[in-house]
Amino acid sequence: MVLWALLLCYLSSGTALLTNHVQIADTQINDRERPVWVVQLSDLHFSVYHPQRAAHFKKLLPPLLRLIKPSLVLITGDLTDGKSKDLATMRQDESEWLEYKDALDWVVSQSGLPMQIFFDVRGNHDKFGVPEIGGHLDYYAKYSITARQNRSGPVHSITLQNGDWKHLFVGIDLSMEIGLRGPCNVFGHPSDQTLDLLNKELSKWDNNNQKVTKIVFGHFPTSFIAGTEDGKRPEELFGRHNILAYICGHLHYQFGKKLFKYHMLNDGKEFWEWELGDWKENRVARILAIDNGHASFLDLDLLGMKELDTGHELLESKDFILITYPLDAQKMQRQGYALNGSVNDFVRALVFTQREVTSAKAVVYDFPCCPENPSEEFMLEQLSVDVDNTYYFAAPLNLSGYYGTSRNRFLLKVVAFDSSGKQIESDLRLFSSDGCIEKLRWSWSEYFCMDFVLEALYPLFLRAAFFMLLGFLIAPKLYVFFVLKKGLTFGPSQKKKSPSTWNDINEVIAYIENASTTTWLMELILVLYLMFMPWFWGSIFGDSYPLGSMSVRGWSVNNLSSLGLKQGLGVPDVMVIVLPFLYHILLPLFVFIYALHAERAFVCIHMRNDKHRKSMEADKSVEPYSCKVCARWSRKALLFICLGVLCLHAQVDTFVAIVIIIFHRYLFFPSECLLFRRSSKMSPQQLVCNEF
């Protein structure tokens, strides 16, 4: 039987923060090292406006945990939603935390598992509007299972003792120290002190002669973690301590289901990052197993089982097989572990079922799969793990059939048979016979979320946006001043020293440069203001706290718990406001403004060069010539596009008023071509200036 023991809790030396360590000992069964497995959940988002999330949690988790009987249950952040019904306000709601506490207590009591094996860490939603840890708005410190187990500080570690192996799990809280309200609370923000604690916990068994595996769990993917003030990042520690994997949440399935990343650092150290989908909408749970130093996992989609009335139906309807070796070549394989004729040359699998399993076999296929013609089939030996509802099978892998072949990628399936002859099949596992990692094919959203460190992209995109905005304002003036000042004149008498098309372009640029000075100054002042001044002021914590101001350099707030002025809060989190405004609103606005200027100049040029113009002016009885250019269809198209930009940020009443003005003024007036025909002697500049 599994023996649960709480052996050690201590205060870390040399720091004011607390760190906690729990050691849990497993017995060694039949002189064999059995695997250990844990369950991970993430992004619960319990909400008073969506009670079904907690209801399904209480319905599905107890029977699932009774079936799997994990050594640990890890909940990696966003325990509550922290949003109002209309999603306009993001703040802590104590009723949601009470719902989370009650639901978790119910799961603990109904699953039969001890509360000591449950761990939860903060997510960004759990820190919305929490100005200080332990304050009256910090409900995590009051209702989370970590707080109720008296685990203090941002770092917690748990050791599972299993034969000659120690399995170290380290949880890390990377949420903001001063929790801003959303949406400016998206990234993890480690401090140097937190990383020092993480380094200490990961070093716990380094001087021990036993074999150690290390898993780190938190909420934020590494792409959504900012560096410390000294530029340190947690990936450096993960690689230095040779962890197997970093497991996290945060992104949900809306960005994709292949949110896995293999990290190979400059010093040759490697680790995997595995993000779990959300409970919020998709009801996803994960079984993570460690077997002979190898980590593998199986994600369970519980969405289809939420309508089941009882846990008994759940247990009878679902069976799970987790292949613990060989590793998946796309999302689990490590360069340092290849099939090499040792303990790694085995097929091993865990079967979780309420049925009585009598035997199991492994089936190997060539890749791509050909189900009708398996390459090899062989029976697996059942090993004892002394855990109800769990069966462990293993058998040597015949390497002679894989080495020296033209292919080195194969598919593996494990099939278990119960006493009635019914089959339980695993998912197909792609494995590599040469130990190489198969490239994981991401969608564009998965690639953007997992492969970029977004903290580094913020200053790059910010500078690029302001560079383009200033370019729109300054480039035409510089071009006219340095290039056209001595040579360009308007009108039919212009000496054509270059092709007419290039002259037309020069005329358009010159018109843009001569556009309204007042408008140009207003645009310049707006850009400079956005670069250096606060964008707006608001309550970033609550009504009882001082107002803060936001700029491109983050939030600033004064008199926060007698700490004086705090600046630079929420960087790079403010990018979720700054970059959409610059790229979706301001840059398109500047483009349309200059496109409208260019269109007006182009119509002038078109009218001047119209070969029918003089004859129409001489014959007063002939109706004025009309064409698509003169009818200003391009202008109307640009104005319609402008309406799309207005839709992004204008209020309904303002939007309607602007639509009426635009339609009345620009779309339903007679063609301005008549205006251009007033005088053949008028220069294009004069025509444009007198158009309206």
Side-chain angles (χ1 to χ4, degrees), residues 183-184 448 452-488 490 502 504-537 549-556 567-602 604 634-635 637-639 641-650 658 685 688-689:
C184 295
F448 180 78
F452 291 98
V453 178
L454 299 182
E455 178 195 24
L457 294 182
Y458 174 57
L460 177 65
F461 280 105
L462 183 66
R463 294 188 184 104
F466 283 123
F467 179 81
M468 287 186 284
L469 291 170
L470 292 174
F472 278 118
L473 297 172
I474 299 174
K477 293 187 176 295
L478 293 178
Y479 184 82
V480 170
F481 182 79
F482 289 105
V483 179
L484 307 179
K485 184 177 180 181
K486 297 181 179 180
L488 179 64
F490 288 98
W502 186 248
D504 293 345
I505 294 174
N506 286 338
E507 290 188 31
V508 171
I509 296 175
Y511 171 77
I512 293 175
E513 190 272 337
N514 288 322
S516 173
T517 303
T518 303
T519 303
W520 184 86
L521 287 174
M522 291 175 62
E523 293 169 346
L524 180 62
I525 291 172
L526 173 61
V527 173
L528 294 177
Y529 182 89
L530 293 176
M531 291 175 64
F532 301 108
M533 302 298 290
W535 286 27
F536 53 81
W537 286 259
S549 61
M550 195 211 80
S551 69
V552 295
R553 294 173 298 280
W555 282 88
S556 298
Q567 295 179 318
L569 302 177
V571 176
D573 307 70
V574 293
M575 68 186 298
V576 301
I577 294 177
V578 172
L579 295 186
F581 177 78
L582 293 178
Y583 281 95
H584 293 170
I585 305 296
L586 204 57
L587 270 173
L589 178 62
F590 274 47
V591 170
F592 293 140
I593 288 174
Y594 284 95
L596 290 170
H597 285 320
E599 188 272 343
R600 296 173 74 179
F602 176 73
C604 286
S634 58
R635 186 176 190 82
L638 286 171
L639 291 172
I641 296 174
C642 288
L643 298 181
V645 178
L646 292 173
C647 289
L648 295 177
H649 66 292
I658 293 174
Q685 265 187 314
V688 172
C689 293

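In this chain, numbering begins with 1 at the start of the sequence shown.
Phe532 is linked by a ring pair (Phe, Tyr, Trp, His ring centres under 6.0 Å) to nothing, counting only residues two or more places apart in sequence or in another chain. For the side-chain contact (heavy atoms from CB on, under 4.5 Å) test, residues two or more places apart in sequence or in another chain that qualify with Val591 are Phe472.
Under the 4.5 Å side-chain criterion, counting only non-hydrogen atoms from C-beta, Tyr594 is in contact with Leu473. Proximity of Val574 to Val552: side-chain heavy atoms (C-beta onward) are nowhere separated by under 4.5 Å. Here the side chains of Leu469 and Leu526 are not in contact, with every heavy-atom distance at 4.5 Å or above.
Of the possible donor and acceptor atoms, one in the side chain of Arg553 sits under 3.5 Å from a partner among the backbone N and O of Met531. Between the side chain of Tyr529 and the backbone N or O of Leu524, no donor-acceptor pair lies under 3.5 Å.
Nearest heavy atom pair, residue Met550 against residue Cys184, reads SD-SG, 4.3 Å. When all heavy atoms are compared, the tightest approach of Phe452 to Leu457 is CB-CD1, 3.8 Å. Taking both residues in full, the closest heavy atoms of Pro183 and Val576 are given as O-CG2, 3.2 Å, listed atom of the first, atom of the second, then distance. Residues Ala465 and Tyr583 come closest through the heavy atom pair N-OH, 3.4 Å. Ser549 and Pro534 get closest at one heavy-atom pair: CB-CB, 3.9 Å. Annotation for Gln567 and Ser556: closest pair CG-OG, 3.6 Å, computed over non-hydrogen atoms.
Checked against Phe461 for a side-chain contact (heavy atoms from CB on, under 4.5 Å), the options Leu579, Val578, Leu454 give a single hit: Leu579.
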Just do the ring pair (Phe, Tyr, Trp, His ring centres under 6.0 Å) check on Trp520 and Phe590 with the steps written out, would you?
CA-CA 11 Å; Trp520 184 86; Phe590 274 47; over 10 Å; no
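Residue Asp573 holds its CG atom at 10.0 Å from CD of Glu455, rounded to the nearest 0.5 Å. Between the CD atom of Glu523 and the CD1 atom of Ile525 there is a distance of 10.5 Å, given to the nearest 0.5 Å. Note that OH of Tyr458 and CZ of Arg463 are 10.0 Å apart. Values are rounded to the nearest 0.5 Å.
In Phe467, the CZ atom is not crowded: 12 or fewer heavy atoms of neighbouring residues, nucleotides or ligands sit closer than 6.0 Å.
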